[in-house]
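First the structure, in the form of structure tokens, and then the observations on it.
Chain identifiers are assigned alphabetically (A, B, ...) following the order of the sequence lines, protein sequences preceding nucleic acid strands; residue numbering begins at 1 within each chain. Keep in mind that the numbers below use all heavy atoms, side chains included, and drop hydrogens, waters and symmetry copies.
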Amino acid sequence: MASHLPPKPTAQYEETAGGGLAAGAPHAPRGMMRWLLTTNHKEIGTLYLIFSLTMFFIGGIFAMVIRAELFQPGLQLVQPEFFNQMTTMHGLIMVFGAVMPAFVGLANWMVPLQIGAPDMALPRLNNFSFWLLPVAFLMLLSTLVMPGGAPDFGWTFYAPLSTTYAPPSTTFFIFSLHLAGISSILGAINIIATILNLRAPGMRMMDMPLFVWTWLITAFLLIAVMPVLAGVITMMLLDINFGTSFFNAAGGGDPVLFQHLFWFFGHPEVYIMILPAFGIVSVIIPTFARKRLFGYASMVYATASIAILSFLVWAHHMFVVGLPLVAELFFMYSTMLIAVPTGVKVFNWITTLFRGSISFEPPMLFALAFVVLFTIGGFSGLMLAISPADFQYHDTYFVVAHFHYVLVPGAVFAIMAGVYYWLPKWTGHYPHLRLSQWHFWLSVIGVNLTFFPMHFAGLAGMPRRIPDYALQFADFNMVTSLGAFLFGASQLLFVAVVILCIRGGEKAPARAWEGGEDLEWSVPSPAPLHTFETPPDFKPQQH
Amino acid sequence: MAANGDQQARQTGVRRTVSRTLVVLAGMFVFAFALVPLYDVFCQVTGLNGKTSGSAQSLVHADMDTTRTITVQFITRGSPGLPWKLETDTRQLRVHPGESREVVFRFRNQGEGPSLARAVPSVSPSEASLHLRKITCFCFQEQRLAGGERLEAPLVFQLTPDLPDDIKTVTLVYTLYPVEQTLARRYLGFISEGDQA
């Protein structure tokens, strides 16, 4: 254990634990059936997190294939058709299989604990919404071995690439996306019902930890836009199999309509992937700065404003489809407006750090990297929002750099910060410090080596989603590929840390982190299977 | 027993929340489909997607604006899987707003058997589509041609004098699409009416 970190809080907090070890149901199923039939929010949360980690590695392998092919100009390893399948599957798996389920898993574990509820409001529905996911993604992955190959039209599946010119496996892709969408919707209903009805007595909305707040808003976004996604893919299904012409110009349809509908879902979707990350960072930074979060109320309002604005900006993904000038201007300004609430958040995080007694435990390292690197992604987003400039940046590696900066050192780092933060609560052990630090530093270096040069390649004109490129981009791509291999390999350390932490390690008291103030730190570590069966005594903090 | 009453209140609350979210869900799913006709209406009113009227329009009788001359370009395109050719000798025309002109297009089925196709128009810049009136157009209906058959078909159009000043060039693109007589087209034709073309 490194000596420069402040001493861990002693076990005296253990006495404050609210819940005891409750006896499980007398005839609880054992073995596989226990996991298949569980309705316990902690077990389902664990299942979600394990599923997400598995998908993270599968999507990661696809990314490695992409980067290996792009290591040098020319075609070396894979055919262009297969390359397109890799970019498509990488995006779909990471968005719908890794990032979203990871946040749902964290919500399952932590929302009941943070609001003092005994479980989620609808435990059986919870089980169902999880088990839809393995079915959906097994089906999606099975398209890789189907005749004609996997979907190859990009994760945005623009018509007519995904309808008229799509491989036969597209129908399976649509079905699996329907299942994943239903899973997200059911999860969102459950989270809303839990947060609105199951809070500890005396906990008002404005007393909830920010992770709970951001998830509540995210769940509303999911309820609003997942049905639109379901509608879009249903229209695709009808176009492909039943001869309708929603997106087919020959029959009076319009492919641009697809883009409008897709991004009406797609833009709120990108906030679905980042708002819970804001929540995680907003609980971690105060803990390790040993200060209350600066501007709690403004954080809540900023999150809500971002959510509302996300419905008004979708066409900034479509600046080059031939929008009229008025629309270009409207979507440019509304997009830039999002920088205001986001700026409020970054300001609040930094102000929380100001004059704090900061210590740099692994969760804090990831949270701080999140603040810095997410902001870089935010700035490139602001550049892309400038409509006239976007004509140059559109569909180049600059866009790839932008959304990977907000999703990898943004969403993924926040998930990892959350995992490091709550691992002591889940397992009763602190994660191995040295190994965690190695994981953090290798990841930070790897991420920046991977994605920073993409900005330059993109500004110089390198298009995205291509297996080969002009010679002048060779150096940038080699650096990017090396960074990607480093980042990919260093995630094995993360698995090692988690496994070691489950098996043993330094024992954690109930309040594992000195500055942890929320309700989850009042139950023992590891958290018993059943907690808060009698509602805890909640004393609001002065925010 | 206060705790028990509390439990019941929670259950009712959960039930209420779930039924409300389900209503929103159903509403959003319907909304997604409602966006399709809404989009078409919006585009028809604003002319934003460059589609022109699907049926014949009358000539607007107005003075010719001889102070302005607009270049009208014609582009024709085929489709893979359809052995047709669509051509015109008039690649470009200079017209005054208010003036009506005729352009002749030639269809030719280079395939063996008879087939059915439709030329779908698109106007660029899309703002001009509201000011382009078609008095006669082959694009109003499908064409059936036997193998090797040729057809000459006219387009009579007029640019109305209220065409915005900043538009100097109008491009009309006709893309040939095969018409497939599928079951769905016959029975589900109402979902996306072909007559917008």
Side-chain angles (χ1 to χ4, degrees), chain A residues 117 120-122 125 164-165 185-186 188-199 201 219-220 222-235 238-239 241-257 260-261 264-265 321-327 534-535, chain B residues 3 6 9-18 20-22 24-36 39-40 43 46-51 54 79 82 117-118 120 122 124-127 175-189 191-197:
Chain A
M120 299 292 279
L122 307 153
L125 193 71
T164 315
Y165 305 105
I185 287 171
L186 297 181
I189 293 178
N190 211 344
I191 288 167
I192 294 176
T194 307
I195 296 174
L196 292 187
N197 300 295
L198 265 54
R199 295 192 308 279
F220 276 111
L222 280 168
I223 296 285
V225 300
M226 289 316 269
V228 176
L229 173 71
V232 178
I233 56 180
T234 306
M235 290 175 207
L238 293 172
D239 270 12
N241 296 310
F242 298 97
T244 57
S245 299
F246 286 102
F247 308 128
N248 187 356
D254 191 339
V256 178
L257 171 66
H260 281 292
L261 291 177
F264 187 79
F265 145 80
V321 299
L323 297 176
L325 185 64
V326 182
T534 48
Chain B
D6 208 41
R10 284 181 167 198
Q11 283 304 322
T12 331
V14 168
R15 218 166 291 144
R16 196 176 46 228
T17 313
V18 170
R20 281 181 188 169
T21 43
L22 285 178
V24 177
L25 269 176
M28 285 309 291
F29 190 71
V30 173
F31 176 66
F33 280 87
L35 281 172
V36 178
Y39 176 80
D40 282 334
C43 289
T46 57
L48 281 186
N49 60 354
K51 286 185 184 171
S79 270
L82 180 73
R118 175 195 279 276
V120 175
S122 173
S124 179
S126 53
E127 292 96 313
T175 312
L176 275 174
Y177 285 109
V179 176
E180 288 158 31
Q181 275 304 341
T182 59
L183 222 62
R185 262 188 66 82
R186 255 177 280 149
Y187 295 107
L188 298 174
I191 291 184
S192 218
E193 280 294 341
D195 63 15
Q196 290 151 6

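- Between Thr17(B) and Ala193(A), the closest heavy-atom pair is CG2-CA, 3.9 Å.
- To the nearest 0.5 Å, atom CG of residue Leu238(A) and atom CZ of residue Phe33(B) are 6.5 Å apart.
- The CG atom of Leu196(A) sits 12.5 Å away from the CZ atom of Arg10(B) when rounded to the nearest 0.5 Å.
- A pairwise comparison of heavy atoms in Ile223(A) and Leu25(B) identifies O-CD2, 3.7 Å as the closest pair.
- In this structure, chain B has a heavy atom under 4.5 Å from the side chain of Leu261(A), while its backbone stays farther away.
- When the candidates Val14(B), Thr12(B), Val30(B), Thr21(B) are compared by the number of heavy-atom contacts under 4.5 Å with chain A, Val14(B) comes out ahead.
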Exercise. Would Tyr39(B) and Val256(A) satisfy side chain to side chain contact (heavy atoms under 4.5 Å, CB included), going step by step from the backbone distance to the final call?
Worked result: CA-CA 10 Å; Tyr39(B) 176 80; Val256(A) 178; 3.8 Å; yes

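- The part of Leu22(B) that comes within reach of chain A is its side chain, from C-beta onward, which places non-hydrogen atoms under 4.5 angstrom from that chain.
- In terms of non-hydrogen atom pairs under 4.5 Å with chain B, the most contact-rich of Pro201(A), Gly231(A), Ala219(A) is Gly231(A).
- Distance OH/Tyr177(B) to CG/Asn248(A): 7.0 Å, rounded to 0.5 Å.
- Once rounded to the nearest 0.5 Å, the distance linking SG of Cys43(B) with CG of Leu257(A) reads 8.0 Å.
- Interface remark: Phe31(B) contributes side-chain atoms only to the contact with chain A (heavy atom separation under 4.5 Å).
- Of the inter-residue distances, the one linking Phe265(A) atom CZ with Met28(B) atom CE reads 12.0 Å to the nearest 0.5 angstrom.
- Heavy atoms only, all atoms of each residue included: Pro227(A) and Ala32(B) are closest at O-CB, 4.3 Å.
- Within the model, atoms CG of Asn197(A) and CZ of Arg15(B) stand 11.0 Å from one another, a figure rounded to the nearest 0.5 Å.
- Interface residue Leu122(A): only side-chain heavy atoms are found under 4.5 Å from chain B.
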